[in-house]
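Remarks on the structure that follows.
This chain uses plain numbering: 1 for the first residue, then up along the sequence.
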Amino acid sequence: MMSCTTSKMVPVHESDLIVRKLRAFCRSHSIPTEGALVVTVHRNRTTEFASVIVRWDNEQLLPLYPLATDLQQYSELKVGDFFVVYKAKLDLTTLDAALGRQPADDSNSLAPFCCNNVRPYKARQLDREQLFKDFLTSSGHHPNVVFEVKRQVDNGPLLSTTYFKLVHNCITKAPEHSYNQKLHAFKNYKCTEHNLFFGVDLYCDGDTTGAKKNVHHMRLNQFAHHNMDVLGDFFSQESAK
């Protein structure tokens with residue numbers, strides 16, 4: 001069984017395989033291979049997914065695409081047992097400028113957020129709204145939920161990916177391994193004081209009895225999630241056509 005990594009350094013052989021297979025997929029479906037590509041692959045009727053960000057000029061895999069507003073509109077494909085959402089031909093000059101911005105002070109990274117002044121970005125009311133409210137206020141008891149917090153410079157480079165649990169009104173760090181059972185709920189937050197942007201996703205952990213999982217296809221994800229089980233099966237299906 002192949003391993004799964006989330007926004008960490010990808011082994012060279014694995015990176016080369018992803019880029020080569022992804023280029024073949026793009027060629028097969030007339031998707032441009034210039035500029036940058038952001039793609040999320042979701043296994044139909046499950047919560048399993050993978051996300052890849054690649055810049056084609058040097059075939060480099062990136063941990064994130066920093067400009068979330070560029071990804072609000074994207075293309076969709078149903079490919080066999082998978083849903084694919086993607087945005088192609090993203091401008092490299094704009095990307096390089098965003099990634100080159102000076103990172104903000106990240107000295108408080110052991111906490112989910114930089115301070116108490118974070119505010120929802122493009123506020124959305126969700127079915128699981130209470131989970132996010134409890135997480136912001138460190139109140140409640142949700143032992144079977146893992147909160148993934150991506151911290152980045154606003155429209156700039158990724159600073160950290162950290163996992164937390166909320167148990168008996170206390171937030172603690174969770175082990176940094178791959179959580180693949182994703183709850184279809186996310187919220188973004190911004191802190192104008194510290195020029196930081198936070199993406200919060202929810203994952204199942206342990207006994208998920210009673211936890212309703214959404215198995216519809218997911219949004220285009222700006223953060224890389226190299227689930228090699230999903231990618232391996234997806235590319236194998238493509239090769240067999």
Side-chain angles (χ1 to χ4, degrees), residues 5-12 14-16 18-23 25-27 30-41 49-76 84-109 111-115 117-124 148-162 186-201 218-226 231:
T5 58
T6 305
S7 301
K8 298 178 181 179
M9 184 67 70
V10 184
V12 173
E14 209 168 87
S15 174
D16 290 345
I18 293 172
V19 172
R20 177 165 51 85
K21 295 287 189 179
L22 195 56
R23 186 182 288 278
F25 166 76
C26 289
R27 184 166 56 246
S30 301
I31 298 173
T33 53
E34 53 192 87
L37 171 74
V38 180
V39 58
T40 297
V41 178
F49 76 102
S51 290
V52 178
I53 300 100
V54 59
R55 54 180 301 157
W56 293 115
D57 61 336
N58 58 9
E59 299 192 332
Q60 179 185 6
L61 296 183
L62 303 178
L64 88 161
Y65 184 82
L67 304 167
T69 54
D70 288 356
L71 306 181
Q72 291 176 356
Q73 295 183 336
Y74 48 81
S75 301
E76 300 185 12
V84 181
V85 293
Y86 67 92
K87 185 71 173 285
K89 294 186 69 173
L90 290 159
D91 183 68
L92 292 180
T93 301
T94 304
L95 174 62
D96 286 336
L99 292 175
R101 294 192 176 100
Q102 181 65 33
D105 180 14
D106 196 38
S107 59
N108 196 33
S109 61
F113 303 104
C114 55
C115 63
N117 296 322
V118 295
R119 296 291 181 267
Y121 174 68
K122 295 191 174 179
R124 316 159 52 239
E148 180 192 67
V149 179
K150 301 273 192 181
R151 177 188 298 229
Q152 70 175 97
V153 176
D154 191 18
N155 289 325
L158 181 69
L159 299 176
S160 62
T161 301
T162 316
F186 75 97
K187 294 199 81 161
N188 295 325
Y189 301 87
K190 291 181 73 169
C191 176
T192 55
E193 180 179 345
H194 295 104
N195 191 38
L196 290 174
F197 183 91
F198 300 87
V200 181
D201 274 289
M218 298 177 181
R219 75 193 191 280
L220 185 59
N221 196 331
Q222 74 179 108
F223 300 105
H225 183 78
H226 299 130
L231 290 174

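- Between Pro66 and Asn155 there is no side-chain heavy-atom pair separated by less than 4.5 Å.
- Between Phe49 and His225, the ring-plane angle classifies as parallel under the 30° and 60° cut-offs.
- Across all non-hydrogen atoms, the minimal contact from Arg151 to Cys114 is NH2-N, 3.9 Å.
- Using a cutoff of 4.0 Å between basic side-chain nitrogens and carboxylate oxygens, Asp96 and Arg55 are scored as salt-bridged.
- Minimum interatomic distance between Pro157 and Ala98 (heavy atoms only, all atoms of both residues): CD-O, 3.5 Å.
- Minimum interatomic distance between Tyr74 and Tyr86 (heavy atoms only, all atoms of both residues): CB-O, 3.3 Å.
- Panel note: side chain Lys150, backbone Phe223; no donor-acceptor pair is recorded below 3.5 Å.
- Residues that satisfy the side-chain hydrogen bond (donor to acceptor under 3.5 Å, both in side chains) test with Asn188, not counting sequence neighbours, are absent from this structure.
- Closest approach of Pro32 to Lys89, counting heavy atoms only: CB-CG, 3.4 Å.
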- Message: Determine whether Asp70 and Val38 satisfy the following criterion, side-chain contact (heavy atoms from CB on, under 4.5 Å), listing intermediate values before the conclusion.
- Response: CA-CA 10 Å; Asp70 288 356; Val38 180; over 6 Å; no
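- Here the side chains of Thr162 and Pro112 are not in contact, with every heavy-atom distance at 4.5 Å or above.
- A distance of 12.5 Å separates CZ of Arg23 from CD1 of Ile31, quoted to the nearest 0.5 Å.
- Interatomic distance, Ile53 CD1 to Tyr65 OH, rounded to the nearest 0.5 Å: 10.5 Å.
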- Query: side-chain contact (heavy atoms from CB on, under 4.5 Å) between Leu71 and Leu90: does it pass, once the steps are laid out?
  - Reply: CA-CA 9 Å; Leu71 306 181; Leu90 290 159; 4.1 Å; yes
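- For CD of Gln73, the number of neighbouring non-hydrogen atoms (other residues, nucleotides, ligands) closer than 6.0 Å is 12 at most.
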- Query: Checking side-chain contact (heavy atoms from CB on, under 4.5 Å) for the pair Leu61/His226: CA distance, chi angles, key distance, verdict?
  - Reply: CA-CA 10 Å; Leu61 296 183; His226 299 130; 4.2 Å; yes
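- Going from atom SG of Cys115 over to atom CD of Glu193 covers 5.0 Å, rounded to the nearest 0.5 Å.
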- Item | Derivation of the side-chain contact (heavy atoms from CB on, under 4.5 Å) call for Leu67 and Leu95 | CA-CA 8 Å; Leu67 304 167; Leu95 174 62; 5.8 Å; no
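- Gly156 approaches Leu64 most closely through the heavy-atom pair O-CD1, 4.0 Å.
- Between Thr192 atom OG1 and Asp154 atom CG the span is 9.5 Å, to the nearest 0.5 Å.
- A side chain to side chain contact (heavy atoms under 4.5 Å, CB included) with Val54 is found for exactly one of Thr33, Ile18, Val19, namely Val19.
- For Lys187, the side-chain hydrogen bond (donor to acceptor under 3.5 Å, both in side chains) partners two or more places apart in sequence, or in a different chain, are Glu129.
- If you run ring-ring contact (aromatic ring centres under 6.0 Å, His included) between Tyr121 and each of Phe197, Tyr189, Phe186, only Phe197 comes through.
- Put simply, CD on Gln222 and CG on Leu62 are 12.5 Å apart, with the number rounded to the nearest 0.5 Å.
- Qualifying side-chain hydrogen bond (donor to acceptor under 3.5 Å, both in side chains) partners for Ser75, counting only residues two or more places apart in sequence or in other chains: none.
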